[in-house]
Asker: 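For reference, the structure I am asking about is given below.
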Amino acid sequence: MKIAVCYKLVPDEQDIVINGDHTISFDKAEWKIGQYDLVAVEAAMRLAEVAGGTVSALSAGGKQLENSKLKKNILSRGPVDAYMIIDETMSDADSYQTAYVLAKAIEKIKDVDLVVCGEGSSDMYAQQVGSQIGELLQWPSVNAIGTITLADGKLIAERMLETEVEVLEIPIPAVISVTSDIFQARIANLKDILEAGKKPVVRWDLDDIGGVPEMSTNVLSVLAPPQADRRRVIIGGDSGDQINEFYEHLRKEL
Amino acid sequence: MSRVKDVWVFTEKQESIAELCAGARQLGERVTVLAVGSRDRIERIIAFGADRVFYLGDTGADRTVEDYAFTLSKLIEEEAPDLFLFGATKRCRHMAGRLAARQRTSVLSDIMEFLTDKDEIQGTQMVYGGAAVRTLASKSATVFSVVGSGVFTSLPEDADREGDVRAVDFVEPAYRVRCMEKRERGGTSVDLTAAKRVIAVGRGIAKEEDLKMIEELARLIGAEIGCTRPISEGVNWMGRERYIGVSGVMFKPELYIAIGISGQIQHMVGCNQSGVIFAINTDTAAKIFSQSDYGIVGDLYTVVPVLLEKIRAAR
Ligand SMILES: Cc1cc2nc3c(=O)[nH]c(=O)nc-3n(C[C@H](O)[C@H](O)[C@H](O)COP(=O)(O)OP(=O)(O)OC[C@H]3O[C@@H](n4cnc5c(N)ncnc54)[C@H](O)[C@@H]3O)c2cc1C
Ligand SMILES: Nc1ncnc2c1ncn2[C@@H]1O[C@H](COP(=O)(O)O)[C@@H](O)[C@H]1O
């Protein structure tokens, strides 16, 4: 089985700087792999290990994708290779544009049996791209997948909805989006990281995959919400007296 | 605020039908609900505020809600509604995404507020884990949106309302996923948003049984218990309805006590409107402290037992 797992690079939200006019800036932000996409990579690896097959990592984004640490990071988690569609328009792409480009890339990779997406990207968390890729490829797709196995060439999966669990039979090729707790993402060791540096990375630009449609949305503003002012009375230790001081503050609120 | 003409609603749960119908009436002139399930529900859907119901039929052993994607897609092509609202469930999100992709557009997801300006529909949503609020507009003929829960307030049910009902023919799906079995998912239902006092725990709690001491503290001060996402989704120590943050519950209790919580933005946006915030954390540098009114740099296993003693003694 050939599995493609989709991951997105996102700015670390802890490094976002709020400007005086409430606009935000990423200039100082470190980039990282989306938290839930690491979980998706793990799910793809586990399935490939049990059912047999290989995993390729796939991402569309801006120049951050070229960062060698981030390339090693994704490949150290098990994928045999990585495909990257790099263009600045992809760093602000909406779900449809992203799904469109990823679907084209999946067709170009050829013979993909299964696409695995995370529950949501760490920046937009729209939980949309997986569902849209499925429709663009005209493959069955499903979200909220919490367990997967392969039996007789079909996926058997449990879908974790709010109040019920569905047991599904999914014909392949298919697109699934997994839950954030399907597995714990693995921690790569030094050997994995060294080997990751030797794995092939295929780099495409938009022309290679036939361009990208126009944005389907207009972003009018992105602003930091107003913050409540806090007193910030911090007691620096937990001796008896200090806990008592903390308790006295609490008592007044009870 | 100007309104659009045709607003469609698709959702699973009875309560959210009422909320979305109320929202649709606010935003548009004519409200159409696309209903799957038992036919008996139709009258209530009209009473909740629908002008029209497109009745799709009932699911059964060989038909899932997902199988109606092709039926819905055909209706969208034929009728081109201006706005299509979906409930904030996993199933609805998936349906919205699929239908929008077929119309070559994106979904405005988890919209907290709608604005209509010169016939353009705009919505606001949280992005970057809650670090920013984004306002966006859709350029497509039909605007697709997943509506955040609790954004609209249901109108009182009006049994005298009249509406049109149209039965819609099923379109055989070109590809599908088969549902072999369904099970109820256990879990309690607690409405944290109604609580005045909340104690929330994070990964600073080492073992599930240590929650007992937190429950005792909650009982003594009349608080509800909540948690961070990893406590609910990572280790499953608490139900999903108890985790607080951008993807969980967002609320403003009068008192919030954060125990063993680092204070990541995704969590804090759920509680940073609270009246007063207390925090207990061993790490001086924890982000929670700059977002609290009172904090103690201490081990929860030292601090909480002493608090329990003092509160008991004071009673
Ligand atoms: C798209 C997306 C959406 C998310 N949505 C949410 C959400 O809605 N809600 C949410 O909560 N998270 C959410 N998260 C996860 C979030 O980013 C954080 O990972 C999470 O909130 C951290 O939980 P925590 O504070 O319990 O754990 P940690 O960050 O691990 O913090 C544990 C804290 O406990 C302290 N501690 C340890 N031992 C002790 C002790 N003995 N006594 C006192 N203190 C101690 C430590 O110093 C540390 O600060 C989301 C993430 C993403 C990517
Ligand atoms: N630019 C991208 N490149 C690769 N995969 C992506 C990209 N954006 C989103 N995805 C995948 O789609 C999932 C859902 O993203 P979203 O709809 O943005 O929440 C993510 O968890 C990723 O697996």
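In what follows, chains are A, B, ... by sequence order, proteins preceding strands, each numbered from 1.
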Asker: Given Thr217(A) and Ser138(B), is the side-chain hydrogen bond (donor to acceptor under 3.5 Å, both in side chains) satisfied, shown in steps?
Answerer: CA-CA 4 Å; Thr217(A) 48; Ser138(B) 171; over 6 Å; no
Asker: For His94(B) and Gln127(A): C-alpha separation, side-chain torsions, deciding distance, then whether side chain to side chain contact (heavy atoms under 4.5 Å, CB included) applies.
Answerer: CA-CA 8 Å; His94(B) 183 55; Gln127(A) 300 163 265; over 6 Å; no
Asker: Nearest 0.5 Å, what's the CG-CZ distance between Leu168(A) and Arg178(B)?
Answerer: 10.0 Å
Asker: Where does Leu255(B) contact chain A at under 4.5 Å (heavy atoms): side chain, backbone, both or neither?
Answerer: side chain
Asker: Select, from Gln227(A), Gln242(A), Met215(A), the one with the greatest count of heavy-atom pairs under 4.5 Å involving chain B.
Answerer: Met215(A)
Asker: Using a heavy-atom cutoff of under 4.5 Å, enumerate the residues of residues 98-108 of chain A that contact chain B, numbered in order, or state 'none'.
Answerer: none
Asker: Any non-hydrogen side-chain atom of Arg159(A) less than 4.5 Å from a side-chain atom of Val177(B)?
Answerer: no
Asker: Can you measure from CG (Leu108(B)) to OG (Ser95(A)) and round to the nearest 0.5 angstrom?
Answerer: 9.0 Å
Asker: Show the nearest heavy-atom pair for residues Gln132(A) and Ser106(B), with the distance to one decimal.
Answerer: NE2-CA, 4.3 Å
Asker: Go through Gln97(A), Glu158(A), Glu169(A) and name the one with the most non-hydrogen pairs under 4.5 angstrom from chain B.
Answerer: Glu169(A)
Asker: So Ile296(B) and Ile243(A), side chain to side chain contact (heavy atoms under 4.5 Å, CB included) or not? Walk me through it.
Answerer: CA-CA 8 Å; Ile296(B) 182 162; Ile243(A) 301 178; 4.0 Å; yes
Asker: Mind listing the closest non-hydrogen atom pair of Tyr128(B) and Pro11(A) along with its distance?
Answerer: CE2-CG, 4.1 Å
Asker: Under a 4.0 Å N-O cut-off, is there an ion pair linking Asp94(A) with Lys139(B)?
Answerer: no
Asker: So, for Ala131(B) and Ile16(A), which heavy atoms are closest and what is the spacing to 0.1 Å?
Answerer: CB-CD1, 4.1 Å
Asker: Between CD of Glu12(B) and CG of Leu161(A), what distance do you get to the nearest 0.5 Å?
Answerer: 7.0 Å
Asker: Taking the side chain as C-beta and beyond, is there a heavy-atom pair between Val165(A) and Glu181(B) under 4.5 Å?
Answerer: no
Asker: Report which part of Leu155(A) has an atom under 4.5 Å of a heavy atom belonging to chain B: side chain, backbone, both, or neither.
Answerer: neither
Asker: Can you tell me which of Ser180(A), Pro171(A), Pro213(A) forms the most heavy-atom pairs within a distance under 4.5 Å of chain B?
Answerer: Ser180(A)
Asker: Is it the side chain or the backbone of Ala223(B) that comes within 4.5 Å of chain A heavy atoms, both, or neither?
Answerer: neither
Asker: Could you please spell out the steps behind the side chain to side chain contact (heavy atoms under 4.5 Å, CB included) verdict for Met126(B) and Tyr125(A)?
Answerer: CA-CA 9 Å; Met126(B) 280 197 180; Tyr125(A) 196 60; over 6 Å; no
Asker: Okay, side chain of Asp293(B), backbone of Arg231(A): is any donor-acceptor separation there less than 3.5 Å?
Answerer: yes
Asker: What I'd like to find out is whether the side chain of Leu220(A) reaches to under 4.5 Å of the side chain of Gln122(B), using heavy atoms alone.
Answerer: yes
Asker: Nearest 0.5 angstrom please: Glu184(B) CD to Glu164(A) CD, how far?
Answerer: 6.5 Å
Asker: So what's closer than 4.5 Å to chain B heavy atoms on Arg251(A): side chain, backbone, both or neither?
Answerer: neither
Asker: Which region of Ile311(B), side chain (C-beta onward) or backbone (N, CA, C, O), has a non-hydrogen atom less than 4.5 Å from a non-hydrogen atom of chain A, or is it both or neither?
Answerer: both
Asker: Hey, which residues of residues 20-40 of chain A are touching chain B, say heavy atoms under 4.5 Å apart?
Answerer: Ile24(A), Phe26(A), Tyr36(A)
Asker: Measuring from atom OG1 of Thr135(B) to atom CG of Leu223(A), what distance do you get when rounded to the nearest 0.5 angstrom?
Answerer: 7.0 Å
Asker: Which bit of Ala174(B) comes within less than 4.5 Å of chain A, counting heavy atoms only: side chain, backbone, both or neither?
Answerer: neither
Asker: Considering only heavy atoms, which portion of Ser109(B) lies under 4.5 Å from any heavy atom of chain A: side chain, backbone, both, or neither?
Answerer: side chain
Asker: Give the member of Ala228(A), Ala224(A), Ser221(A) that has the highest number of heavy-atom pairs under 4.5 Å with chain B.
Answerer: Ser221(A)
Asker: Pairing donors with acceptors under 3.5 angstrom, does anything connect the side chains of Glu245(A) and Tyr294(B)?
Answerer: no
Asker: As an exercise: rank Val276(B), Ile265(B), Val127(B), Ile221(B) by heavy-atom pairs under 4.5 Å with chain A and give me the winner.
Answerer: Val276(B)
Asker: Inspect the contact between Arg185(B) and Glu166(A) and indicate whether a charged nitrogen and a carboxylate oxygen are less than 4.0 angstrom apart.
Answerer: no
Asker: In Å and rounded to the nearest 0.5 Å, what is the CD to NZ distance from Glu248(A) to Lys310(B)?
Answerer: 7.5 Å
Asker: Whether Arg229(B) and Glu119(A) form a salt bridge (side-chain N of Lys/Arg under 4.0 Å from carboxylate O of Asp/Glu) is what I want to check.
Answerer: yes
Asker: Could you give me the CA-CA distance, side-chain angles and deciding distance for Met180(B) and Ile156(A), then say whether side chain to side chain contact (heavy atoms under 4.5 Å, CB included) is met?
Answerer: CA-CA 9 Å; Met180(B) 303 194 293; Ile156(A) 306 297; 3.9 Å; yes
Asker: Sort Gln264(B) into side chain, backbone, both or neither according to what part of it lies under 4.5 angstrom from a heavy atom of chain A.
Answerer: both
Asker: Among Asn244(A), Asn218(A), Asp123(A), Asp181(A), single out the residue with the greatest number of heavy-atom pairs under 4.5 Å to chain B.
Answerer: Asn218(A)
Asker: Which region of Gln125(B), side chain (C-beta onward) or backbone (N, CA, C, O), has a non-hydrogen atom less than 4.5 Å from a non-hydrogen atom of chain A, or is it both or neither?
Answerer: neither
Asker: For Ala132(B) versus Pro225(A), what's the shortest heavy-atom pair and its separation?
Answerer: CA-CD, 3.9 Å
Asker: Report which part of Thr302(B) has an atom under 4.5 Å of a heavy atom belonging to chain A: side chain, backbone, both, or neither.
Answerer: both
Asker: Does Tyr96(A) form a side-chain hydrogen bond (donor to acceptor under 3.5 Å, both in side chains) with Gln103(B)? I'd like the steps, not just the answer.
Answerer: CA-CA 10 Å; Tyr96(A) 179 70; Gln103(B) 299 302 312; over 6 Å; no
Asker: Pick from Ser290(B), Ser247(B), Ala279(B): which one has the most heavy-atom pairs with chain A under 4.5 Å?
Answerer: Ser290(B)
Asker: Identify which of Val10(A), Val222(A), Ile133(A) forms the greatest number of heavy-atom pairs closer than 4.5 Å to chain B.
Answerer: Val222(A)
Asker: Is Gln291(B) in contact with chain A via its backbone, its side chain, both, or neither, using a 4.5 Å heavy-atom distance?
Answerer: backbone
Asker: My understanding is that only residues two or more places apart in sequence, or in another chain, count here; which of them pass ring-ring contact (aromatic ring centres under 6.0 Å, His included) with Tyr301(B)?
Answerer: none
Asker: Donor-acceptor pair, distance only, cut-off 3.5 Å: does the side chain of Arg230(A) make one with the backbone of Asn272(B)?
Answerer: yes
Asker: I need the residue from Gln273(B), Arg93(B), Glu66(B) with the largest number of non-hydrogen atom pairs under 4.5 Å to chain A.
Answerer: Arg93(B)
Asker: Which bit of Arg104(B) comes within less than 4.5 Å of chain A, counting heavy atoms only: side chain, backbone, both or neither?
Answerer: both
Asker: Any salt bridge linking Arg91(B) with Glu162(A)? Criterion: basic side-chain nitrogen under 4.0 Å from a carboxylate oxygen.
Answerer: no
Asker: Going by residue number, which parts of residues 137-154 of chain A are within reach of chain B, meaning a heavy-atom gap below 4.5 Å?
Answerer: Gln138(A), Trp139(A), Pro140(A), Ser141(A), Val142(A), Asn143(A), Ala144(A)
